[in-house]
Visitor: 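Below: one structure in structure tokens.
Chain identifiers are assigned alphabetically (A, B, ...) following the order of the sequence lines, protein sequences preceding nucleic acid strands; residue numbering begins at 1 within each chain. Keep in mind that this is a model prediction, so the values were computed, not measured.
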Number of protein chains: 2
Amino acid sequence: MGVETNQSGPIGRPRGFDADEALERAMLVFWKHGYEGASTACLTNAMGISTTSMYAAFGNKEKLFRKVLERYTEGPSAYLVRAMEEPTALGVATAILSGVVRTTTRPAHPHGCLGVQGALTVSDSGQEVRDLLVAWRNDGYSRVRERFQRAVDDGDLPPQTDPGLLARYLTTFAFGIAVQAASGVGRDELQEMADAALRNWPLS
Amino acid sequence: MGVETNQSGPIGRPRGFDADEALERAMLVFWKHGYEGASTACLTNAMGISTTSMYAAFGNKEKLFRKVLERYTEGPSAYLVRAMEEPTALGVATAILSGVVRTTTRPAHPHGCLGVQGALTVSDSGQEVRDLLVAWRNDGYSRVRERFQRAVDDGDLPPQTDPGLLARYLTTFAFGIAVQAASGVGRDELQEMADAALRNWPLS
DNA sequence: CTCCTTCTGCAGCGATCGCTGCAGAAGTGC
DNA sequence: GCACTTCTGCAGCGATCGCTGCAGAAGGAG
């Protein structure tokens, strides 16, 4: 602490690459190949840096993936937080599903969801990353459930509604969309299906 | 061809293990770890045989996986064919979803669906297996769509029903259940959710 | 018994895995 | 200029990957 201006840059040799840009490239590789399917050689090649630079900047492969997952959550998957702010539960559900459909079928990005296909199954050495994504998906479910609970409390949803069941239904459908997108199913078909699914809300 | 009785056993040294039992063990390993997450060492260890015996009996890792997928289709995933024989479309949908729930949450088996988590993402060298599972999932969808088309033709479903949309909805939901099961969500909760989803049929 | 075929155990192939030691390059502070 | 810190390129670490050559074992055919 102090009044020192400290306008000088960081000490030492400056980085020869844009860490943010490198992280973006790494995200695309993990997104497409999954955690264990993306080798360090494949990653660093896409990032345009050497393995040494990658390890100096991000620690190791697992830490790089955690950074990537944060970026994914705040970037491609940010539709989730925005959807929570919709005034009605139906609005939330609609925004989530259309957000999933758009994010998992964007032409410029790998198809599917990083949080689903990043590490659905792993070898023995990848358990921690698998658990990380399990927690990531469960966290999404919890947020939706709490939002629907609030909707029940506010009278937006019928009082006998089970928010957990509704949240499980919605996230299950979202994960299913991610699998379909990863299989190459087109955006329009998925959106049409999501629309049809929400024509019955909230589940009779 | 001829009238030779040929009652003698096969020529050469007989196999020292039960190929069917070995295939079952391999299925469980692929189911849990996925195609690329299951190393040959892990597989052969579980199968109780040497790598040489595995290669002699099944060709290579990819051919072993194809054999395993066949076994999975006719075993744990056989509920699909049985469901098709239900008299009504609603019966088909109900049977499929409850079949998915039971198969993906069986305590004695890995959680989730081999056809989904077997190779949702792969490295460059695993593309063919990924494509194999994409085709496997698409085949499931096609069978359901054709069954629902028949239901429309028979008057079981309203004439304005889109069988493709309905089949896409059902398979999406099924794949989502597989992801949830792989994440540790319990059987009862998933079944309750499936029941609620089918309370609205056929999608308004 | 000898031939023939097939299967098994051992040992190890080249390639790739994630990761690191080291020396030099490229900056700042003095 | 020199000291100090950080980053980079090269080269290579031990481990594991999928897979195979080879010699011997274990059966049937004659």
Visitor: Rounded to whole Å, how long is the line connecting atom CG of A:Asp18 with atom P of D:dC7?
Guide: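 Rounding to the nearest Å, CG of A:Asp18 and P of D:dC7 are 14 Å apart.
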Visitor: Could you say whether B:Lys61 or A:Ile49 is positioned toward the 5' end of DNA chain D, judged by the nucleotide with the nearest heavy atom to each?
Guide: A:Ile49
Visitor: Output the single nucleotide from D:dT5, D:dG18, C:dG18 whose closest atom is nearest the side chain of B:Tyr55.
Guide: D:dG18
Visitor: Once you apply a heavy-atom cut-off of 4.0 Å, does A:Thr40 come out as touching a base, just sugar-phosphate, or nothing?
Guide: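 If one applies the 4.0 Å heavy-atom cut-off, A:Thr40 turns out to touch a base.
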Visitor: Check this one for me: any side-chain N or O of A:Ser39 less than 4.0 Å away from OP1 or OP2 of C:dC17?
Guide: yes
Visitor: With a 3.5 Å distance limit and no angle check, can you tell me whether A:Thr103 reaches the backbone of A:Val100 through a side-chain donor-acceptor pair?
Guide: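 Not at all, since once roles are kept as given, no pair shorter than 3.5 Å links the two residues.
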Visitor: Nearest to the side chain of A:Pro14 - C:dT8, C:dG18, C:dG27?
Guide: C:dG27
Visitor: Whole-Å distance between D:dT16 C1' and B:Asn45 CG?
Guide: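 From B:Asn45 CG to D:dT16 C1': 15 Å.
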Visitor: As a test of reading the structure: which of D:dG18, C:dT8, C:dG18 is closest to the side chain of B:Ala56, going by heavy atoms?
Guide: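 Closest nucleotide to the B:Ala56 side chain: C:dT8.
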Visitor: With a 4.5 Å heavy-atom cut-off, do B:Phe148 and B:Arg145 have their side chains touching?
Guide: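 They are not in contact (no side-chain heavy atoms under 4.5 Å apart), so the answer is no.
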Visitor: Hey, does the side chain of B:Ser53 come within less than 4.0 Å of C:dT8's phosphate (OP1/OP2), counting only N and O?
Guide: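 Yes.
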Visitor: Nearest whole angstrom, please: distance from the C1' of D:dG9 to the CZ of A:Arg15.
Guide: 17 Å
Visitor: Expressed in angstrom and rounded to an integer, what is the separation of A:Asn60 atom CG from D:dC13 atom C1'?
Guide: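 About 17 Å, once rounded to whole Å.
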Visitor: How long is the line joining CZ of B:Phe17 and P of C:dT6, in whole Å?
Guide: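 So the CZ-P distance, B:Phe17 to C:dT6, works out to 15 Å.
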Visitor: Which distance, rounded to the nearest 0.5 Å, do you find between the CD of A:Glu189 and the CZ of B:Arg168?
Guide: 4.0 Å
Visitor: So B:Ala38, base contact, sugar-phosphate only, or nothing? Heavy-atom distance under 4.0 Å.
Guide: sugar-phosphate
Visitor: CG of B:Asp124 versus P of D:dC17: gap in Å, rounded?
Guide: 19 Å
Visitor: Could you check how far CD of A:Glu62 sits from C1' of C:dC17, rounded to whole Å?
Guide: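 Rounded to whole Å, this separation is 16 Å.
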Visitor: Quick one: does B:Thr52 reach the base of C:dC10 with a side-chain donor-acceptor pair under 3.5 Å?
Guide: yes
Visitor: Decide whether a cation-pi geometry holds between A:Lys61 and A:Tyr35; the criteria are a distance under 6.0 Å from NZ or CZ to the six-membered ring centre and an angle within 45° of the ring axis.
Guide: yes
Visitor: Would you kindly compare A:Met54 and B:Arg13 by the position of their nearest DNA chain D nucleotide and give the one closer to the 5′ end?
Guide: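 Nearest nucleotide further toward 5': that of A:Met54.
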Visitor: Heavy atoms only: give me the nearest A:Val29-A:Ala46 pair and the separation to one decimal.
Guide: CG2-CB, 3.5 Å
Visitor: Mind checking B:Thr51 for me? I need base, sugar-phosphate or nothing, with any heavy atom below 4.0 Å counting as a touch.
Guide: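 Touches a base.
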Visitor: When the distance from CD1 of A:Ile11 to P of C:dG29 is rounded to whole Å, what number comes out?
Guide: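 From A:Ile11 CD1 to C:dG29 P: 7 Å.
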